[in-house]
Amino acid sequence: MNTNEELLPQFNLFRQRAMMVGVVGVAALAAGALMSEADFFQSYLYGYLFWMGLTLGCLGILILHHLVSGSWGHVVQRYVESGARTLPYMALLFIPIIIGMNQLYPWTNHEGLEHVVEKKLGYLNVPFFLVRQVIYFGFWSLVAYWLSKNSRLQDQSGDVHLTRKMKIFSGPSMVFFVITVTLASVDWMMSLEPEWYSTMYGVGRIVGAVLTALAFCIVLVRWLGDKKPLADILTTRHIHHLGNLLMAFTVLWAYIAFSEFLIIWSGNLPEDNMWHIRRMNSEWSVFAVVLIVGHFAVPFALLLSRGLKRHIEPLSRIAVGVLVMRLVDLYWLVYPAFNNHELHFHWLSLAAPAAIGGIWLWLFIGQLKSQPLLPLNDPRFHNGMAEQH
Amino acid sequence: MAEVLSLLRKPLVLDNKSYADVTHDIAKPLERKTSTAWWAAFIISVGVLLIGIAAVVYQIVTGVGVWGLNNTVGWAFDITNFVFWIGIGHAGTLISAILFLFRQKWRTSVNRSAEAMTIFAVMCAGIFPIIHTGRPWFAFWLVPYPNFRGPLWVNFRSPLEWDMFAISCYFTISLVFWYVGLIPDLATLRDRTTSTIKQKLYGFFSLGWNGSNRTWHRYEKVYLLLAGLATPLVVSVHTIVSWDFATSVIPGWHTTILPPYFVAGAVFSGFAMVLTLMLIVRKVMSLEAYITTHHIENMCKVILATGGIVGLAYATELFVAYYSANGYEQFAFINRALGPYGWTYWMMVGCNILATQFFWFKKLRTNVIWVFIISVIINVGMWFERFVIIMTSLTRDYLPASWASFTPTIIDLATLAGSFGLFFTLFLLFARFLPMVAIGEVKGVLNYGRNGKGGHA
C-alpha cells in the first residue's frame with residue numbers, strides 16, 4: 001500500500017507555515033475588526049468567498065470526475081477530495097458572515113428598503129437564509145465525505161462495484177450541486193444588491209469556482225508531480241488534458257461574462273442595468289479592463305500554445321496568474337456593492353484572504369496527507385494509465 | 001482483472017469484423033439495386049417537399065399575410081422552425097468536432113451521418129429567415145458590401161445580422177468538414193465500383209486520394225484543424241440565435257441565461273434527431289454491428305446531461321422571475337404555464353424534462369424501441385420549446401391593448417411539413433450515394449476493446 005511517508009516532512013512543513021499565516025492573518029483581522037467593523041465584514045466575506053469558491057470547485061470537479069472518469073481526473077482526484085473535505089470546517093468559518101449579516105446584506109434591515117426589495121422578503125429573510133445554509137453545507141459535506149469514503153474503501157479492497165456505486169451517486173449529486181451552488185451564489189453575492197437579478201449569475205459563479213479549483217490543482221501537480229507517487233504515472237498527456245481544461249474554463253468564463261453583459265447592455269432596462277453601471281461607469285471600470293486582459297485575453301492567448309499546455313512549469317505559472325485574476329474578479333463582483341462609485345481598498349482585503357487561506361491550506365494538507373495521493377485500486381485508474389502508453 | 005477491463009472498454013464494433021468486412025458492409029448498400037423501401041420513402045419525402053415548395057411559392061407571390069402572424073406576433077411558425085432546425089444541426093458538429101477533440105472513439109460510427117444531418121438541417125433552417133423577409137430576392141442585402149443603394153448598410157449591432165455571418169460560416173465549415181472526412185471513403189468507393197460513371201464521379205471528388213502515408217498524415221492534420229475551427233462556430237451559432245431574443249426587452253426573452261441554455265437545448269434536440277435517424281438506419285441498412293447499443297447508450301447519456309442543463313435553465317428562469325419581483329417578468333412566466341398557450345408549455349416540460357428522466361436507467365437506455373420513442377418525443381418537445389418562447393412572450397407583451405393571438409394557417413403547416421420533406425429527401429439521397437459510416441475511421445477503432453484474437457480484451 002502506498003503511503004506518503006516520503007512527502008510527510010514536506011507536508012508538515014507546509015502545514016506549519018500555512019498555520020502561521022493563518023494565525024497572523026486572524027490576529028490582523030481581529031485588529032481590523034476593532035478599527036472598522038464594516039471593513040472587517042466586507043473583507044471577511046471577500047476572503048471567504050474566494051476559498052469557498054475553491055472548495056466548491058473541488059467538489060464540482062470531484063462529482064464530474066466520477067461521472068466521466070477521464071484519466072486526468074485520477075491525477076487530481078485526491079486533491080479535489082481533500083479540498084471538498086474541508087466543507088464542514090468552511091461551514092464553521094461561515095459564522096462570522098452570519099454575525100455580520102446586518103452590515104453586509106441590506107435586506108436584513110426592514111426599514112428604508114426599496115419597494116421592489118420588500119417584495120422579495122419571502123425569500124430574503126434571516127431565518128430562511130439560515131435554513132438554506134444548513135441545507136447547502138449539509139448536502140455538500142455529505143457528497144464530499146461519501147465519495148471520498150468510498151474511494152478510500154476502494155483503496156483497501158479494490159472492489160469494482162464501488163466505482164459503479166460512486167458513478168450512480170454522482171448523477172443526481174451533480175443536479176443538486178448545480179441547484180444549491182446557484183442558490184448559494186444568490187444568497188451570498190447577488191443579494192448584496194438585492195434589487196438586482198440575472199439568470200446567468202449562478203452559472204458564472206460555478207464556472208469561476210471550477211476554474212479556481214482547476215488552477216489550484218495544476219499548481220499542486222507542479223509541486224508534487226516530480227515526487228513519488230505521482231512521478232511514477234504522470235505523463236505529458238495528463239498535463240495536456242489539464243491545460244486544455246484550464247483553457248476551456250477560461251473561455252467559458254469569458255463567454256458567460258460577456259453574454260451577460262451584452263444582453264443587459266443591449267436591453268438597457270433600469271431594473272437590471274445598474275449592476276454593470278456600478279462596475280463599468282465608475283472608477284471600478286479599471287477592474288473590468290484588467291479582467292478582460294488578464295482573466296481572458298492573456299491566458300487564452302498563452303493556452304493556445306500546445307507547448308505551454310504540455311509542460312507543467314509554464315502551465316503552472318499561467319495557473320498562478322489565473323488564481324490572481326480570480327481574486328481580482330471576485331473583488332470586482334463584491335466590493336462595488338458596498339462602494340458604488342469610488343475604488344475602495346483596505347488592507348483588510350489582503351489580510352482576510354490570507355488568514356482564511358492559511359487555515360484552509362492547513363486543513364487541506366491535513367486531509368491530503370492522511371490518504372494515498374492516488375486512487376491506486378480504482379480499476380479505471382489502471383485502465384486509464386494503460387491507455388497512455 | 002479480465003472482468004474489470006471488459007466492463008470498462010467495450011469493443012466499438014461487434015461481431016468480430018475484419019477490415020474487409022467493414023468496407024464490404026458499408027459499401028454494399030450503395031452498390032446493390034435500389035430497394036423498393038427506399039423508393040417508397042423517397043417518393044413520400046419528395047411529395048411532402050413539393051407541398052412545401054408550393055406553399056412557399058404561394059407565400060412569396062402573395063405576401064407573408066398568408067401566414068397566421070400579425071402585427072403583434074411578428075415572429076411565429078417561421079422563426080420557430082428556424083430555431084428548431086438550427087438546433088438539430090448542432091449535434092452533428094458536436095459529435096464530429098467536439099467529441100473528436102475529446103478523443104471519444106465511439107463517435108466514428110455515427111459522425112458521418114450526424115454531419116450530413118447537420119448540413120441538411122442548416123439548409124432547412126436557412127430557408128425560414130429568407131422567406132420571412134417577405135422579399136427573398138433582396139436577401140443579398142443582408143451581406144454588407146459597398147453598394148449603390150444609398151449606400152445602405154446593414155445594422156451591425158443587430159444579432160439578426162450576426163446570425164447571417166454565423167450561420168453562413170457554420171454551414172461552410174460543416175460542409176468542408178464533412179467533405180474532407182468523405183475523401184478517403186470516396187476513394188474506396190471509386191476503387192470498388194464497376195460502373196464507369198460512378199468511377200469518374202467518385203474519382204473526381206476523391207481528389208486523387210491514393211491512401212499513402214503522406215496523404216493520411218495531411219488528412220489528419222486538416223481534420224484536427226477543422227475540428228478546432230468548428231467547435232467555437234457551433235457554440236457561436238446558437239449563442240447568437242439566443243441573442244436574437246435576449247438582447248430585446250421582451251419579458252421572457254430578455255434573460256441572461258439564454259446563451260448556454262440555447263446551446264445545451266440545441267445539442268439536446270440534435271442528439272434526439274440523430275438517434276431517431278440512426279435507429280432507423282441501423283435497422284434498415286443492417287449496421288447493428290457498427291452502431292451498437294453502446295453508441296446508443298452514450299448518446300442517451302449526452303441527452304440526459306444536456307436535458308438536465310435545459311431543465312435547470314427552466315428552473316433558474318422560474319426562480320429568478322420570482323426573485324426579480326418584476327411584475328412583467330413574473331407575468332411572462334405565469335402566462336407561459338397558465339395562459340392561452342399553457343398547453344404548449346406543459347408539452348415542452350413533459351417532452352423535454354419528464355421524458356428524459358427515463359434515461360437515468362441503463363435498461364431503458366439500451367432498449368432500442370424505448371429510446372426511439374423518447375427521441376421522437378424530445379424532437380416534438382424541442383419544437384414546442386421554441387414555439388413557447390416565441391409565442392407566449394409576443395402574444396402578451398407590455399401593452400394589453402396590443403395583445404393578440406396566433407393560429408397557424410394551412411400555409412404555415414405546409415411550409416413546416418415541406419422543411420421535413422426537404423430534410424428527408426436530402427438524407428435519403430445521402431444514404432443512397434454516400435457511405436453512411438466513416439469506413440476509414442471505423443477501421444481505426446476496430447481493435448478497440450479487443451484482444452489479439454478479436455474477442456474482448
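We name chains A, B, ... by the order of the sequence lines, and we start the count at 1 in each one. These values consider heavy atoms only, across backbone and side chains, with no hydrogens, waters or symmetry-generated copies.
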Participant: Using non-hydrogen atoms only, which part of A:Ile168 is less than 4.5 Å away from chain B: side chain, backbone, both, or neither?
Facilitator: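 When you check distances to chain B, no heavy atom of A:Ile168 falls under 4.5 Å.
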Participant: Measuring heavy-atom distances to chain B, does A:Glu260 have an atom under 4.5 Å in its side chain, in its backbone, in both, or in neither?
Facilitator: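 Interface part for A:Glu260: both.
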Participant: Pairing donors with acceptors under 3.5 angstrom, does anything connect the side chains of B:Thr255 and A:Thr199?
Facilitator: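 Yes, a side-chain donor-acceptor pair sits under 3.5 Å.
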Participant: Could you check which of B:Val249, B:Thr247, B:Val235 has the highest count of heavy-atom pairs closer than 4.5 Å to chain A?
Facilitator: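 The option with the most such pairs is B:Thr247.
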Participant: Roughly how far apart are B:Thr256 OG1 and A:Met200 CE, rounded to 0.5 Å?
Facilitator: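 One finds 6.0 Å between OG1 of B:Thr256 and CE of A:Met200.
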Participant: Measure the shortest side-chain to side-chain distance between B:Trp243 and A:Ser266 over non-hydrogen atoms and say whether it is less than 4.5 angstrom.
Facilitator: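 The answer is no; the side chains never approach within 4.5 Å.
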Participant: Measure A:Trp196 against the heavy atoms of chain B and call it side chain, backbone, both or neither at under 4.5 Å.
Facilitator: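 Only the backbone of A:Trp196 comes within 4.5 Å of chain B.
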Participant: Distance from A:Tyr123 atom OH to B:Tyr323 atom OH, nearest 0.5 Å?
Facilitator: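 Between A:Tyr123 OH and B:Tyr323 OH, I get 7.5 Å after rounding to 0.5 Å.
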Participant: Answer yes or no: does atom CZ of A:Phe176 have more than 12 heavy-atom neighbours from other residues, nucleotides or ligands under 6.0 Å?
Facilitator: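 Atom CZ in A:Phe176 is not packed in, count stays at 12 or less.
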Participant: So which part of B:Phe319 gets closer than 4.5 Å to some heavy atom of chain A, the side chain, the backbone, both or neither?
Facilitator: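 The side chain, not the backbone.
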Participant: Contact part of A:Phe261 toward chain B, heavy-atom cut-off under 4.5 Å: side chain, backbone, both or neither?
Facilitator: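 No part of A:Phe261 comes within 4.5 Å of chain B.
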Participant: Side chain, backbone, both or neither: which part of A:Ile264 has a heavy atom under 4.5 Å from chain B?
Facilitator: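 When you check distances to chain B, atoms from both the backbone and side chain of A:Ile264 fall under 4.5 Å.
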Participant: Between NE2 of B:His254 and CG of A:Asp272, what distance do you get to the nearest 0.5 Å?
Facilitator: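 Those atoms lie 4.0 Å apart.
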Participant: Mark yes when over 12 heavy atoms from residues, nucleotides or ligands other than B:Phe165 sit less than 6.0 Å from its CZ; otherwise mark no.
Facilitator: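 Above 12, so yes.
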Participant: Only pairs of heavy atoms separated by less than 4.5 Å count here; which of A:Ile256, A:Val175, A:Val203, A:Leu262 has the most with chain B?
Facilitator: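 Looking at each option in turn, the highest pair count goes to A:Leu262.
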Participant: Side chain from CB out, backbone as N, CA, C, O: work out which of these in A:Val116 comes under 4.5 Å of a heavy atom of chain B, or both, or neither.
Facilitator: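 Both backbone and side chain.
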Participant: Does any heavy atom of chain A fall under 4.5 Å from the side chain of B:Thr239, the backbone, both, or neither of them?
Facilitator: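 Looking at B:Thr239, backbone and side chain both touch chain A.
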Participant: Any idea which of A:Ser198, A:Gly202, A:Ser191 has the most non-hydrogen atom pairs under 4.5 angstrom with chain B?
Facilitator: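 Highest number of pairs under 4.5 Å: A:Ser198.
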Participant: Nearest 0.5 Å, what's the NZ-CG distance between A:Lys119 and B:Asn326?
Facilitator: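 Here the interatomic distance stands at 8.0 Å.
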Participant: Where does A:Leu183 contact chain B at under 4.5 Å (heavy atoms): side chain, backbone, both or neither?
Facilitator: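 Contact with chain B is through the side chain of A:Leu183 alone.
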Participant: Kindly compute the distance separating CD1 (A:Ile263) from CH2 (B:Trp253), expressed to the nearest 0.5 Å.
Facilitator: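 Going from CD1 on A:Ile263 over to CH2 on B:Trp253, the span is 13.5 Å.
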Participant: Quick one: of B:Ser248, B:Gly308, B:Pro260, who has the most non-hydrogen atom pairs under 4.5 Å with chain A?
Facilitator: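 Top option by heavy-atom pairs under 4.5 Å: B:Pro260.
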Participant: Based on non-hydrogen pairs under 4.5 Å, which of A:Val186, A:Thr182, A:Val117 is most in contact with chain B?
Facilitator: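 Looking at each option in turn, the highest pair count goes to A:Val186.
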Participant: Once rounded to the nearest 0.5 Å, what's the spacing between atom CG of B:Leu258 and atom OG of A:Ser259?
Facilitator: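 Here the rounded value is 10.0 Å.
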